[in-house]
Amino acid sequence: ATGTGAPADTITDTSLVTVSGNEASSDETVNSSEALTGTGEGNDSSLSALDSLVDEDGDGIILVPITGRTFEAQLMVIRDPSRVQLATAYPFSSMEMEKNGLTVGEYCEAFEALAAVNAGEFETPSGINWGGRPIGVVVCDGQVQFNEPSPGDVMVGFNENNILIIAEVGHMTPDEFSAFVAENGIRDGASFKDISDGNTNHFTRLIMNGTPVDLNGRGVGANPRTAIGQCSDGTVLILVTDGRGSAGHLGATGQDLIQIFQEYGAVNAANLDGGSSSSLYFDGSYRITSSFLPNSDASRRLPTAFIVTR
């Protein structure tokens with residue numbers, strides 16, 4: 001079953017990913033392949049770029065520089081998906097802003113992680129660098145830490161089998177979302193909007209069950225981006241691009257992200273919060289910093305971040 005309140009065509013098919021160490025057969029996966037859409041064929045024809053990479057230091061992570069027409073990017077390739085976890089500044093602040101979020105560098109220090117990137121959407125009143133309160137939903141280590149789903153919310157995270165789950169949750173009530181987390185064994189997740197209503201033009205889903213998503217005009221502008229994907233063998237891909245004038249670059253479009261994830265063999269991929277939030281801290285230094293001028297040597301403060309453990 002797909003879980004309470006989750007339409008069958010709006011959640012990833014876990015049977016397309018086989019993670020080493022997961023012994024569940026296809027009929028024991030969280031979401032049965034019969035209930036979900038997708039080609040079921042994966043993206044095996046695109047694995048050559050991934051297969052050509054060499055992990056020179058043997059730490060299970062490869063950082064790949066990518067140059068696009070209007071952006072520079074870093075792609076983290078993480079062979080063990082259990083190392084990708086959500087870190088949070090929980091308990092979160094109220095709108096009185098009594099508590100700040102953390103930069104991605106501070107998340108690395110606080111959780112002794114190798115790397116960190118920004119994750120879900122968050123409150124930014126008047127553009128203040130606060131980052132103390134998320135928007136949508138947050139799940140950390142199986143616990144629902146924030147539960148205010150609203151129209152357009154898509155949760156991006158991992159289940160207990162370390163499979164990337166991309167699921168529409170904006171139609172759910174808080175109780176339905178809590179049930180969804182329990183029924184689907186969600187261990188970590190944050191949300192971003194997938195909506196175009198005239199005032200908002202956000203997109204989250206990039207590749208679903210081996211098939212590129214038609215963005216229908218969303219994401220056509222070039223901006224800094226942060227995105228995450230997973231290959232059929234469980235390898236996680238985390239992509240961060242620069243933009244908005246950084247080094248003279250405009251940024252990446254949604255289609256740019258899809259093309260990169262296809263090249264490296266992702267069967268599922270999702271866009272996360274981007275723009276001035278996009279930032280990457282790796283092995284003790286910032287590799288991509290915020291385009292927000294007051295934080296151009298670091299990142300914005302954030303309530304959530306995806307970290308890669310050592």
Any side-chain to backbone donor/acceptor pair from [X] onto [Y]? Under 3.5 Å, distance only.
| X | Y | result |
| --- | --- | --- |
| R301 | N100 | no |
| S126 | I128 | no |
| N159 | N161 | yes |
| S191 | V137 | yes |
| Q230 | L164 | yes |
| S290 | S276 | yes |
| S299 | T103 | no |

How close do [X] and [Y] get, counting heavy atoms only, and between which atoms?
| X | Y | result |
| --- | --- | --- |
| P91 | K99 | O-NZ, 2.7 Å |
| V308 | I61 | CG1-CD1, 3.2 Å |
| A305 | Y107 | CB-CD1, 3.6 Å |
| E106 | G101 | OE1-O, 4.4 Å |
| I307 | F111 | CD1-CB, 3.8 Å |
| A115 | C108 | C-SG, 3.4 Å |

Side chain proximity check, [X] to [Y], heavy atoms < 4.5 angstrom:
| X | Y | value |
| --- | --- | --- |
| R225 | D256 | no |
| F282 | Q74 | no |
| L302 | V104 | yes |
| P125 | M97 | yes |
| L237 | V77 | yes |

Hey, what do you get for [atom1] ([X]) to [atom2] ([Y]), rounding to the nearest 0.5 Å?
| X | Y | atom1 | atom2 | result |
| --- | --- | --- | --- | --- |
| N118 | R300 | CG | CZ | 10.5 Å |
| T241 | L257 | OG1 | CG | 6.5 Å |
| Y264 | S52 | OH | OG | 6.5 Å |
| D59 | D80 | CG | CG | 11.5 Å |
| F158 | I163 | CZ | CD1 | 10.0 Å |
| I165 | T12 | CD1 | OG1 | 4.0 Å |

Do the side chains of [X] and [Y] join up, straight or via other hydrophobic residues, at under 4.5 Å, putting them in one cluster?
| X | Y | result |
| --- | --- | --- |
| V240 | I228 | yes |
| V139 | F192 | no |
| Y286 | F306 | no |
| I258 | V236 | yes |
| F122 | V156 | no |

Could you tell me whether R205 and E168 have a side-chain N and a carboxylate O separated by less than 4.0 Å?
->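 Salt bridge flag = yes for E168 with R205.
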Run the numbers on L206 and V213 for side chain to side chain contact (heavy atoms under 4.5 Å, CB included), then give the verdict.
-> CA-CA 5 Å; L206 297 170; V213 172; 5.8 Å; no
Greater than 12 external heavy atoms within 6.0 Å of E98's CD | yes
Can you pull the salt bridge (Lys or Arg N to Asp or Glu O under 4.0 Å) pairs that have at least one residue in residues 131-154, sequence neighbours excluded?
->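 Output for this query lists R133-E148, D153-K193.
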Run the side-chain donor-acceptor check on residues 266-274: report pairs under 3.5 Å with partners two or more places apart or on a different chain.
{"residue": "N268", "atom": "OD1", "partner": "N209", "partner atom": "N", "Å": "2.6"}
{"residue": "N271", "atom": "ND2", "partner": "F203", "partner atom": "O", "Å": "3.0"}
{"residue": "D273", "atom": "OD2", "partner": "S277", "partner atom": "OG", "Å": "3.1"}

For S278, which of N223, T289, T226, D242 qualifies under side chain to side chain donor-acceptor pair (under 3.5 Å)?
-> T226
Look at the aromatic rings of F92 and Y90 and report parallel, tilted or perpendicular, splitting at 30° and 60°.
->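 Plane angle over 60°, so perpendicular.
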side-chain hydrogen bond (donor to acceptor under 3.5 Å, both in side chains) assessment of D175 paired with T173 = CA-CA 5 Å; D175 285 347; T173 66; 5.4 Å; no
Side chains of N162 and R187, donor plus acceptor under 3.5 Å |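 A pair is found: one side chain offers a donor N or O, the other an acceptor, under 3.5 Å apart.
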Going through the checks in order, is the side chain to side chain contact (heavy atoms under 4.5 Å, CB included) test met by L63 and D283?
-> CA-CA 11 Å; L63 194 62; D283 199 18; over 6 Å; no
